[in-house]
Amino acid sequence: MREIREALLREDYSLTDLVKHYQSKIAERSHLAAFREVFTDDSLERASEVQSKIKAGTAGKLAGMVLAIKDNICYRDHEVGAASKILEGFISPYHATIVERLLAEDVIIIGRTSCDEFAMGSSNENSAYGPVLNPLDEALVPGGSSGGSAAAVAAGMCLASLGSDTGGSIRQPASFCGLVGLKPTYGRVSRYGLLAYASSMDQIGPFASKSEDAALLLEVMAGKDSKDNTSSNHRVDEYSEEGKARTYELAYYKEIVEHPGLDPQLKADFLAQLEILRSQGHKVEELSFPYLNDLVPTYNVLSNAEASSNLSRYDGIRYGYRSENAGDIDTTYTKSRSEGFGPEVKRRIMLGTFVLSSGYYDAYYSKAQKVRRLIRDATINALSDCDFILSPTTPHSAFKIGDIQDPVQMYLEDIFTVQANLAGVPSVSIPKFKSASGMPIGLQITAGPFEEKKMLQFARSLED
Amino acid sequence: MEHLLKGKYEAVIGLEVHAQLITASKAFSSDKNEYGSSPNSNVSEISLGLPGTLPQFNGSVLGHAIKLGIACGCEIRHENRFDRKNYFYADLPKGYQITQDKGPICTGGKIHLKTSLGEKVVNLTRIHMEEDSGKSIHDQDPYNSLVDLNRAGVPLLEIVSEPDIRTGEEAYQYLTEVRKLVRYLEICDGNMEEGSMRCDANISVRLKDAPEYGRRVEVKNMNSIRNVQRAIEYEVGRHIELIEKGEEIKRETRSFDAIKGTTFGMRSKEMDNDYRFFPEPDLLPVLVNAEDIDRMKSRMPALPNELYAKYTKELGLSEYDAGVIIDSKEIALYFEDMIEHTKNYKAAANWLSGDVKSHLNKYGIDIAHFPIRSKWMAELITMIDEDKISYSLAAQKLFPAMIGEPKTSPFKLAVKLNLIQESDELALMELVDEALAAFPEKVEEYKNGKKGLIGLFMGEIMKKSKGKADPKKTNALLQEKLEA
């Protein structure tokens with residue numbers, strides 16, 4: 001971003017040239033299916049507007065930033081569809097709060113990216129519009145659910161992008177695509193205008209090649225929003241400020257390095273990385289986290305419960321898809337929803353409905369809430385004794401499209417990432433490791449609530 | 001049926017009242033809360049439940065709930081959470097209603113009422129905050145149901161009573177009291193016809209003194225307090241009849257048909273939704289601290305029961321007069337203003353429950369549209385008390401004139417209309433002499449014992465004076481003259 005800004009000021013090229021460059025990249029590799037829609041004309045229009053602001057010296061902080069947004073973030077007068085058939089043709093009449101804030105700083109939104117339908121998935125194979133391919137190896141998944149956003153940045157189709165992270169949906173694709181992917185503290189970024197999946201965990205966050213760019217985006221997006229009651233009025237720091245070199249107290253979980261699903265090569269690389277950090281003067285401590293195997297089930301019960309309610313509004317009555325076979329009100333619901341939602345979304349709605357049903361509520365929802373509290377307390381506790389918890393972001397590198405058929409196995413892909421969502425703490429994945437075949441894997445850094453500045457400065461210090 | 005009920009059976013009734021709150025905006029958005037706007041005009045993306053929207057809590061809803069809680073003597077919850085009640089309907093845009101399931105803002109409390117059998121206390125179970133749904137209209141288009149979402153998100157308080165009510169009359173009085181209360185507090189206009197106050201009744205019948213309740217039926221769609229009473233009376237009769245015949249009462253929801261005065265089954269309870277309540281993740285708990293409650297307590301307006309006690313005990317008004325005055329807050333306030341200017345409370349009450357009320361009824365207006373200011377009504381009373389005008393002239397001439405000319409004080413008006421009572425003895429004597437001179441033989445008859453003739457002389461004097469002669473003084477002078 002810094003280089004681009006300087007180049008624009010030197011007039012090495014114009015913002016229009018830059019947008020056109022990205023557009024041609026998108027067109028060249030359209031088979032990756034990273035984008036649901038490219039805002040071809042209006043991104044060029046915005047480019048010339050922002051260009052003249054740069055000339056006049058009135059441009060905002062993000063002038064020069066060409067951004068893609070996940071297809072679950074509302075951009076006024078543009079379609080938004082969560083990669084679902086049920087929202088086909090729906091145009092948002094309002095801006096998400098973060099879109100408003102980003103536009104005010106002269107960001108250019110180049111298009112909306114594909115994702116797993118309603119952000120439900122870990123491979124981007126659940127899009128109603130087909131899977132997204134990993135630009136680094138097209139036989140592989142880019143990760144999910146924000147796979148399109150990750151692929152777009154990795155393929156050089158934009159400088160940065162936005163995703164949403166409910167159980168790892170930013171960090172996991174960042175790990176698979178070799179990017180920085182940031183999930184902020186719950187409440188750090190307004191959710192107003194983000195199509196809800198699991199309200200108590202959803203957070204919008206950036207993808208970028210450099211943590212400095214991710215930090216800059218967070219700086220603009222973060223802060224209290226009167227339209228989101230759960231947004232925090234905690235002070236917004238200058239996240240993009242480069243910190244002074246210093247040493248930290250780091251921790252990792254024994255259960256994670258001993259996890260049978262962890263790739264042995266990755267395990268060795270991770271432990272070697274810890275040694276490097278030790279040698280740099282950081283303190284590294286091993287901790288125990290007894291709830292590792294409870295994370296995914298707890299997450300599933302709670303996220304599905306919330307999703308079953310959040311997705312009730314897609315009913316074929318007021319907007320979006322209505323079945324041609326709809327007759328009375330009941331068939332309008334049943335047929336529109338049966339035809340409009342994909343199989344994974346339906347599975348989660350049914351599971352969520354089940355765990356909230358009378359007679360099962362206590363055994364599932366209520367119990368999961370209690371376990372969540374234990375997980376949160378244990379996480380916050382651990383983070384009050386150290387600066388960061390480190391782990392590989394994912395147990396392995398990107399897998400082949402179509403390889404994971406069992407949904408339960410797919411859910412376990414989130415095992416290292418969901419903890420931050422259940423605990424509400426910030427977490428970032430930075431590219432650090434490589435698989436035997438050379439595919440990237442991320443290092444995940446998790447910090448205490450609202451410690452994004454420190455976390456991003458540490459991430460920046462680890463960048464090559 | 002009535003005799004059966006009195007002897008053998010007992011009805012057990014609990015009421016759920018939904019009161020739409022008077023607020024500028026909706027419960028969870030800044031959309032206008034306004035009755036009667038053109039359909040679907042008070043609807044932003046939030047009321048429409050568009051993708052990505054979130055609720056924003058309107059603090060004035062909390063204030064209204066606390067006021068009602070204080071007025072009913074409820075315990076008020078300090079940490080208020082919201083829950084989602086999930087069900088599908090065309091007028092429910094989000095597919096769930098935001099309500100308070102597990103933790104209502106108010107618990108306990110009571111409503112005092114009077115029935116023909118005496119006083120009664122109905123306990124409250126709870127009062128909670130929630131949002132209204134939109135409105136489905138099934139009878140305006142022959143092919144489609146229409147949906148108006150102006151009402152979607154309008155704040156409601158649901159007031160749930162214990163099953164303490166035994167008769168339709170008690171239900172009538174209970175609702176009258178609740179309506180009076182919300183109107184006094186200015187939190188709801190209490191208009192059942194427009195639906196700003198709605199009531200569902202849970203009714204069961206059991207053998208008198210039986211330990212268990214009978215099977216419960218819920219009755220809906222009663223759009224006036226009177227209809228709630230009618231529906232309950234019908235439904236109780238129906239239950240007794242079924243029990244007497246040895247038939248089973250089905251657990252169901254029934255609807256009241258106001259034209260026939262009967263109820264009919266809508267759906268069985270088995271068909272009811274599983275609402276899958278769970279905590280609303282989009283809203284943080286709303287906190288109420290003890291100071292908030294104390295501050296609101298100190299700002300509470302006088303409540304009808306307090307005024308009633310003051311009027312009957314301190315001011316010596318009859319229960320009837322006190323009842324008429326507290327019936328509406330506006331009349332009570334008018335009365336309060338009047339008695340700032342006159343200590344003749346009884347007369348003030350009489351004027352209000354008599355001439356003023358007849359005038360309001362005649363024109364179908366409320367006291368807010370009554371033209372005479374309270375201070376001048378008090379002055380009118382003082383003029384009568386000071387014998388400046390007779391009561392009958394005041395009622396028949398001056399009061400109507402004041403209504404016609406509300407900008408002139410009653411004294412000026414009485415002078416202008418020449419209504420000031422003649423109490424000057426010389427002038428009255430002259431009138432007495434004239435009257436007696438006109439009927440010499442009647443004077444003779446009077447003297448022979450026909451004392452009733454005094455009325456004839458009085459009448460003549462009143463006619464001559466156009467009613468202005470001070471009746472007391474005239475009477476005394478007449479007697480004096482005739483007995484001499």
Side-chain angles (χ1 to χ4, degrees), chain A residues 72-74 80-82 87 90 92-97 118 187 190-196 198-202 225-231 302 305-306 308-315 317-320 328-330 332-334 337 352-361 365-366 369, chain B residues 27-30 40 43-59 81-98 101-102 133-134 136 138 143-149 152 271-286:
Chain A
N72 62 356
I73 296 171
C74 294
V80 58
L87 273 170
F90 176 74
S92 176
Y94 76 99
H95 277 321
T97 298
F118 283 103
S190 167
R191 293 182 294 118
Y192 193 78
L194 169 70
L195 274 54
S199 315
S200 73
M201 291 178 263
D202 294 342
D225 173 19
S226 62
K227 290 176 178 169
D228 176 2
N229 190 242
T230 64
S231 67
L302 297 177
E306 292 179 23
S308 72
S309 174
N310 283 332
L311 271 60
S312 293
R313 65 187 63 197
Y314 308 109
D315 58 7
I317 303 276
R318 295 167 312 283
Y319 50 79
D328 58 4
I329 185 159
D330 285 333
T332 302
Y333 290 140
T334 52
R337 287 169 65 84
T353 303
F354 171 76
V355 300
L356 290 175
S357 299
S358 71
Y360 299 100
Y361 183 91
Y365 182 81
S366 215
Q369 284 279 49
Chain B
F28 299 107
S29 76
S30 55
N40 297 310
V43 290
S44 68
E45 68 253 19
I46 298 177
S47 288
L48 292 173
L50 291 192
T53 53
L54 298 171
Q56 300 146 37
F57 182 59
N58 177 353
R81 294 171 188 276
F82 290 97
D83 298 286
R84 290 188 186 175
K85 177 180 177 176
N86 295 284
Y87 66 96
F88 285 100
Y89 203 60
D91 56 23
L92 190 71
K94 299 189 295 298
Y96 57 84
Q97 176 194 30
I98 304 177
D101 175 42
K102 290 208 176 67
S133 64
S136 293
H138 302 294
Y143 306 108
N144 298 299
S145 284
L146 305 178
V147 175
D148 178 4
L149 294 178
M271 302 273 289
D272 265 7
N273 272 306
D274 177 354
Y275 290 120
R276 292 169 283 123
F277 287 100
F278 77 104
E280 164 60 280
D282 288 331
L283 292 166
L284 299 176
V286 179

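Bear in mind the structure is a predicted one, so any value in this text is a computation, not a measurement. Per chain, numbering begins at 1; letters A, B, ... match sequence-line order.
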When you look at A/Tyr314 and A/Leu195, which way does the side chain to side chain contact (heavy atoms under 4.5 Å, CB included) test go after all the steps? CA-CA 11 Å; A/Tyr314 308 109; A/Leu195 274 54; 3.8 Å; yes

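- Among B/Arg84, B/Arg81, B/Lys94, the single residue meeting the salt bridge (charged side-chain N to carboxylate O under 4.0 Å, His left out) criterion with B/Glu280 is B/Arg84.
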A/Arg318 vs B/Leu149, test: side chain to side chain contact (heavy atoms under 4.5 Å, CB included). Steps then yes/no. CA-CA 11 Å; A/Arg318 295 167 312 283; B/Leu149 294 178; 3.9 Å; yes

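- Both the backbone and the side chain of A/Asn310 have a heavy atom closer than 4.5 Å to some heavy atom of chain B.
- The shortest side-chain heavy-atom distance between B/Gln97 and B/Ser133 does not fall under the 4.5 Å cut-off.
- Only the side chain of B/Asn86 comes within contact range of chain A, judged by heavy atoms closer than 4.5 Å.
- Neither the backbone nor the side chain of B/Tyr87 comes within contact range of chain A, judged by heavy atoms closer than 4.5 Å.
- In terms of heavy-atom pairs under 4.5 angstrom with chain B, the leader among A/Ala82, A/Gly359, A/Ser357 is A/Ser357.
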Applying side chain to side chain contact (heavy atoms under 4.5 Å, CB included), run through A/Leu302 and A/Met201 and close with a yes or a no. CA-CA 9 Å; A/Leu302 297 177; A/Met201 291 178 263; 4.0 Å; yes

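- Interface summary for chain A: among B/Ser30, B/Ser44, B/Gly49, the most heavy-atom pairs under 4.5 angstrom belong to B/Gly49.
- A heavy-atom distance below 4.5 Å is found between the side chains of B/Pro279 and A/Tyr365.
- Considering only heavy-atom pairs separated by less than 4.5 Å from chain A, the leading option among B/Asp274, B/Leu92, B/Leu48 is B/Asp274.
- Looking only at heavy-atom pairs under 4.5 Å with chain B, the residue among A/Ser358, A/Gly320, A/Ser226, A/Ser92 that has the most is A/Ser358.
- Only the side chain of A/Leu87 comes within less than 4.5 Å of a heavy atom in chain B; its backbone stays farther off.
- By number of non-hydrogen pairs under 4.5 angstrom with chain B, the leading residue of A/Ala196, A/Gly193, A/Ser366 is A/Gly193.
- Annotation: maximal heavy-atom pairing with chain B below 4.5 Å, among A/Val80, A/Leu194, A/Thr332, A/Asn72, occurs at A/Leu194.
- In terms of non-hydrogen atom pairs under 4.5 Å with chain B, the most contact-rich of A/Ser309, A/Ala96, A/Cys74, A/Ala305 is A/Ser309.
- Of the two parts of A/Tyr360, neither the backbone nor the side chain holds a non-hydrogen atom closer than 4.5 Å to a non-hydrogen atom of chain B.
- The aromatic ring centroids of A/Tyr94 and A/Tyr192 lie less than 6.0 Å from each other.
- Inter-residue side-chain proximity for B/Ser145 and B/Ser136 is flagged as unmet; no heavy-atom pair is nearer than 4.5 Å.
- Taking 4.5 Å as the limit, every side-chain heavy atom of A/Thr97 sits out of range of all side-chain heavy atoms of A/Asp228.
- In this structure, chain A has a heavy atom under 4.5 Å from the side chain of B/Tyr96, while its backbone stays farther away.
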